Amino acid sequence: LGLELARTEGCARPSRRLTRAADAAVEAARAHLEARFAEPIDLAELSRVALMSPFHLARAFRARTGTSPHRYLMDVRLRAVEAMLRDGELTVSRIADRTGFGSPSHLSRRFAARYRMSPSSYRRTFGRGSRTPR
């Protein structure tokens with residue numbers, strides 16, 4: 001019984017071709033998330049865009065960006081929310097609709113978790129016409 005698994009040195013390192021393919025897949029996924037951030041996007045859709053299995057895409061995405069596809073999508077959405085709040089023309093409800101959050105309460109929870117203030121407070125502090133320098 002004392003069988004030992006053989007280890008080869010070449011198995012631990014991916015080939016350049018696979019690395020380029022993973023880079024291209026991650027870049028395709030990132031571009032898709034940024035272009036369609038307001039739409040509902042799941043990992044299955046993203047993997048079809050990237051031409052990679054969901055499991056491998058999730059691993060490659062995290063390895064190359066330092067975050068998951070879902071967290072990356074939330075970051076893109078929150079940056080859009082931030083810009084819309086600074087602009088000051090849309091209600092929080094309209095911003096939620098335009099950024100894919102689905103509801104003002106979901107947007108508010110995510111926004112407050114990230115920025116430690118409500119969207120309304122952020123708008124008062126940093127929006128157009130605020131007295132605080134941006």
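Fair warning: this is a prediction, and the values are worked out from it, not measured in the lab.
- How far CG of Asp42 is from NE2 of His70: 11.0 Å, rounded to the nearest 0.5 Å.
- Taking a 6.0 Å sphere around CZ of Arg114, one finds it holds more than 12 heavy atoms contributed by other residues, nucleotides or ligands.
- Going from atom CD of Glu34 over to atom CG of Leu73 covers 10.0 Å, rounded to the nearest 0.5 Å.
- Looking only at side-chain heavy atoms (C-beta outward), Phe126 and Met117 come within less than 4.5 Å of each other.
- A pairwise comparison of heavy atoms in Ala50 and Ala28 identifies CA-CB, 4.3 Å as the closest pair.
- Going from atom CG of Leu85 over to atom CG of Leu107 covers 7.0 Å, rounded to the nearest 0.5 Å.
- Using the six-membered ring where Trp is involved, Tyr72 and Phe61 have ring planes that are perpendicular, over 60° apart on the 30 and 60° scheme.
- Screening residues 81-100 for ring-ring contact (aromatic ring centres under 6.0 Å, His included), with sequence neighbours left out, gives no hits.
- Judged as a side-chain hydrogen bond (donor to acceptor under 3.5 Å, both in side chains), the pairs with a partner in residues 91-105 (not counting sequence neighbours) are, in order, Ser103-Ser105.
- In terms of heavy-atom proximity, Ala21 sits nearest to Met52 at O-CE, 4.5 Å.
- In this model, a donor atom of one side chain and an acceptor atom of the other lie less than 3.5 Å apart for Ser121 and Arg124.
- Here the closest non-hydrogen pair linking Ala29 and Leu57 is CB-CD1, 4.1 Å.
- Applying the ring-ring contact (aromatic ring centres under 6.0 Å, His included) test to residues at least two apart or on different chains, the pairs with a partner in residues 82-103 are Phe101-His106.
- Shown here for Pro69 and Leu43, the closest heavy-atom pair between the two residues is CG-CD1, 4.2 Å.
- Here the CG atom belonging to Leu33 is positioned 4.5 Å from the CG atom belonging to Leu46, to the nearest 0.5 angstrom.
- Here the CZ atom belonging to Arg123 is positioned 9.5 Å from the CD atom belonging to Glu89, to the nearest 0.5 angstrom.
- Val49 is not connected to Val76 by any chain of hydrophobic side-chain contacts under 4.5 Å among Ile, Leu, Val, Met, Phe, Trp and Tyr, and they are in different clusters.
- Here the CZ atom belonging to Arg36 is positioned 8.0 Å from the CD1 atom belonging to Ile41, to the nearest 0.5 angstrom.
- With hydrogens and angles disregarded, a donor-acceptor distance shorter than 3.5 Å links the side chain of Arg77 to the backbone of Gly100.
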Audit row: Arg64, Glu27, salt bridge (charged side-chain N to carboxylate O under 4.0 Å, His left out) steps and yes/no = CA-CA 9 Å; Arg64 281 157 179 77; Glu27 192 50 44; over 6 Å; no
